Amino acid sequence: MTSEFLRRYYVLRIIKNPELYGLSKPYITYEELKGALDSIVEKNYEDRLYEKLESNSKKTIKRDLEDIKSFHHIDIRLKRNHGYYILEQDFIMSDKLKEVFEKTELYLLHHHAHAWKQFVSISRTSLSAYVDMVALINAIECKCLIEIDYQGWYDDNRFQKVKNVFQPLHIKEINNAWYLIAHNSEVGIYSMCLDSRISSLFITNRVCKDPVEFNEAEYFKNSIGILKTDLQAVWIHIKVANHHFKYVENNPLHHSQIITARPIDLDTEYLDYNNERIWGELKLYVEPTYEFFMEILKYNRWVKIVSPSQVVADMKLLLSQMSAYYE
């Protein structure tokens, strides 16, 4: 990736989504655009990748706009005494442009992987199309406040609507979705999915006066998934059939996982689930939330919960309710 390409990427991003850079729609003056580019350079002052963002004279920006129109077929207009803008009908998110945006953000995430490891957990190669992830990570790093309008679904908090100012804390990817963990004095720490549930997200220039310190590993240490509950974490004992035991051993269900017994017959040509010799056993210390049960259900007959009795009872109830669908 060239520095000139990155500058054009940010020029398009800033003009299309000015609210993510603390600016207001619909017009972006040259001074505002230059200021946003200079701010990005300042945050990455020792990184040569960003050096061309400082080359942002009116002549250079004009040439960038011509290149954007040529390469991406997006016409960025200039209204005298108002600034740059893009008409909705002029902005077509083609598959090619979407790929450019995703690949660029992925490149930047990997480029900053070490510096940003405190702020983002990455486990797949696709990003949210609803926010500028890089700008949001910068907001976390700089402790800038964000204004967000979020309409939750049933699984969030029974369709709770949240519209307030938050301190963004961390971005986490779980089950093919990206979540923003943020803090507000009224609701505390809250997880919001970075998808269509977001009506608007505005990154302000205001720095949080009393920032909350957040440790992702500590906060989610007893969780499988993203939602936090008041359930007490317990040691849950699980049996795993031999043909899947190796997988679970190499891909733990949770960081607390401890193997307590390996299958006596680790490799068998035939699977007899009534044969106790094919079963290994492990335990994990987690909150028995519905996300935990969803994780266990992924493994079909290959795993079974042994204890504690209440967790076994909860699983039996869940399975009986599911089987009732097919009676």
Side-chain angles (χ1 to χ4, degrees), residues 1-69 71-72 74-88 90-91 97 100-101 104-105 107-109 111-112 115-116 119 130-149 165-168 171 180 182 198 200-209 211:
M1 177 187 294
T2 65
S3 297
E4 289 82 1
F5 176 93
L6 188 62
R7 185 183 61 235
R8 290 193 294 269
Y9 163 82
Y10 273 113
V11 166
L12 177 56
R13 272 294 200 182
I14 294 167
I15 296 175
K16 179 63 177 68
N17 300 294
E19 66 273 19
L20 295 179
Y21 298 85
L23 303 173
S24 301
K25 284 187 174 182
Y27 303 105
I28 306 301
T29 66
Y30 165 74
E31 289 74 18
E32 289 175 330
L33 178 59
K34 183 179 186 304
L37 292 171
D38 288 341
S39 177
I40 294 170
V41 173
E42 183 178 349
K43 292 171 183 175
N44 302 276
Y45 68 96
E46 291 184 339
D47 194 334
R48 293 186 62 186
L49 178 65
Y50 292 83
E51 61 184 2
K52 289 295 183 179
L53 270 67
E54 289 185 299
S55 302
N56 50 35
S57 66
K58 288 186 176 181
K59 183 177 180 180
T60 299
I61 294 299
K62 182 180 179 181
R63 186 167 61 247
D64 285 341
L65 300 185
E66 292 171 352
D67 289 338
I68 290 170
K69 185 174 183 180
F71 298 152
H72 304 306
I74 296 175
D75 188 12
I76 298 178
R77 304 166 185 251
L78 176 62
K79 184 173 183 179
R80 188 185 298 273
N81 299 324
H82 286 78
Y84 302 105
Y85 67 102
I86 301 176
L87 293 174
E88 287 299 321
D90 289 342
F91 186 85
L97 181 59
V100 168
F101 274 19
T104 302
E105 293 193 3
Y107 175 84
L108 292 174
L109 284 173
H111 179 74
H112 292 284
W116 287 348
F119 309 118
Y130 293 86
V131 299
D132 184 334
M133 298 284 274
V134 174
L136 189 53
I137 292 169
N138 283 332
I140 295 172
E141 186 174 14
C142 298
K143 295 181 172 54
C144 290
L145 296 172
I146 64 170
E147 298 173 2
I148 192 165
D149 190 345
V165 176
F166 283 82
Q167 177 197 345
I171 299 171
L180 169 66
I198 294 179
S200 65
L201 190 155
F202 182 84
I203 299 176
T204 75
N205 291 322
R206 306 195 306 275
V207 176
C208 185
K209 293 181 179 179

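Values below: all heavy atoms of this structure, side chains included; hydrogens, waters and symmetry mates excluded. What you are looking at is a predicted structure, and each value in this text was computed from that prediction instead of being measured.
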| query | Measuring from L78:CG to Y85:OH, what's the distance to the nearest 0.5 Å? | reply | 8.5 Å

| task | In sequence, state the C-alpha distance, the side-chain angles, and the governing distance for R7 and E4, and then conclude on side-chain contact (heavy atoms from CB on, under 4.5 Å). | result | CA-CA 5 Å; R7 185 183 61 235; E4 289 82 1; 4.0 Å; yes

| note | Rounding to 0.5 Å, atoms OG (S39) and CG (N138) come to a distance of 8.0 Å

| request: Give me the ring orientation class for Y50 and Y10: parallel if the planes are under 30° apart, tilted from 30 to 60°, perpendicular past 60°. | output: tilted

| query | Does atom CD of E88 have more than 12 heavy-atom neighbours from other groups under 6.0 Å away? | reply | no

| note | To the nearest 0.5 Å, atom CZ of R77 lies from atom CD1 of I86 at 10.5 Å

| task | Only counting residues at least two apart or in another chain, list the ones meeting salt bridge (Lys or Arg N to Asp or Glu O under 4.0 Å) with E66. | result | none

| query | Would E19 and S200 satisfy side-chain contact (heavy atoms from CB on, under 4.5 Å), going step by step from the backbone distance to the final call? | reply | CA-CA 9 Å; E19 66 273 19; S200 65; over 6 Å; no

| message | Does this structure show an ion pair linking E147 with R206, if we count only N-O contacts that are shorter than 4.0 Å? | response | yes

| said: Quick check for you: to the nearest 0.5 Å, what is the distance between L12 atom CG and F91 atom CZ? | reply: 5.5 Å

| Which heavy-atom pair separates C144 from P168 by the least distance, and what is that distance? | O-CD, 3.1 Å

| Shortest non-hydrogen contact from I40 toward L53 | CG2-CD2, 3.6 Å

| request: Quick one: pull up CG in L180 and CD1 in I146 and give me the separation to the nearest 0.5 Å. | output: 5.0 Å

| So with a 6.0 Å cut-off around NZ of K16, is the heavy-atom count from everything else above 12? | yes

| task | Could you go through the side-chain contact (heavy atoms from CB on, under 4.5 Å) check for D38 and N56 one step at a time? | result | CA-CA 9 Å; D38 288 341; N56 50 35; 3.0 Å; yes

| task | Measure across S57 and Y30 and return the closest heavy-atom pair with its distance rounded to 0.1 Å. | result | CA-OH, 3.4 Å

| said: Can you give me the closest heavy-atom contact between T204 and L145, atom names plus distance? | reply: OG1-O, 2.8 Å

| query | With side chains defined as the heavy atoms from C-beta onward, is the minimum distance between L37 and V41 less than 4.5 Å? | reply | no

| task | Tell me, with the steps shown, if Y84 and E32 meet side-chain contact (heavy atoms from CB on, under 4.5 Å). | result | CA-CA 10 Å; Y84 302 105; E32 289 175 330; over 6 Å; no

| query | What closest approach, in Å, do S55 and T60 show between heavy atoms, and which atom pair accounts for it? | reply | O-CG2, 3.2 Å

| query | Does a sphere of radius 6.0 Å around NZ in K62 hold more than 12 heavy atoms from other residues, nucleotides or ligands, not counting ones at 6.0 Å or beyond? | reply | no

| Shortest non-hydrogen contact between H82 and Y27, atoms and distance | O-CB, 3.6 Å

| query | Only one of I61, D67, L65 forms a side-chain contact (heavy atoms from CB on, under 4.5 Å) with R8, so which one is it? | reply | D67

| message | Which residue in the set L87, I68, I28 passes side-chain contact (heavy atoms from CB on, under 4.5 Å) when paired with I76? | response | I68

| said: If I take atom CG from residue L136 and atom CD1 from residue I171, how far apart are they, to the nearest 0.5 angstrom? | reply: 4.0 Å

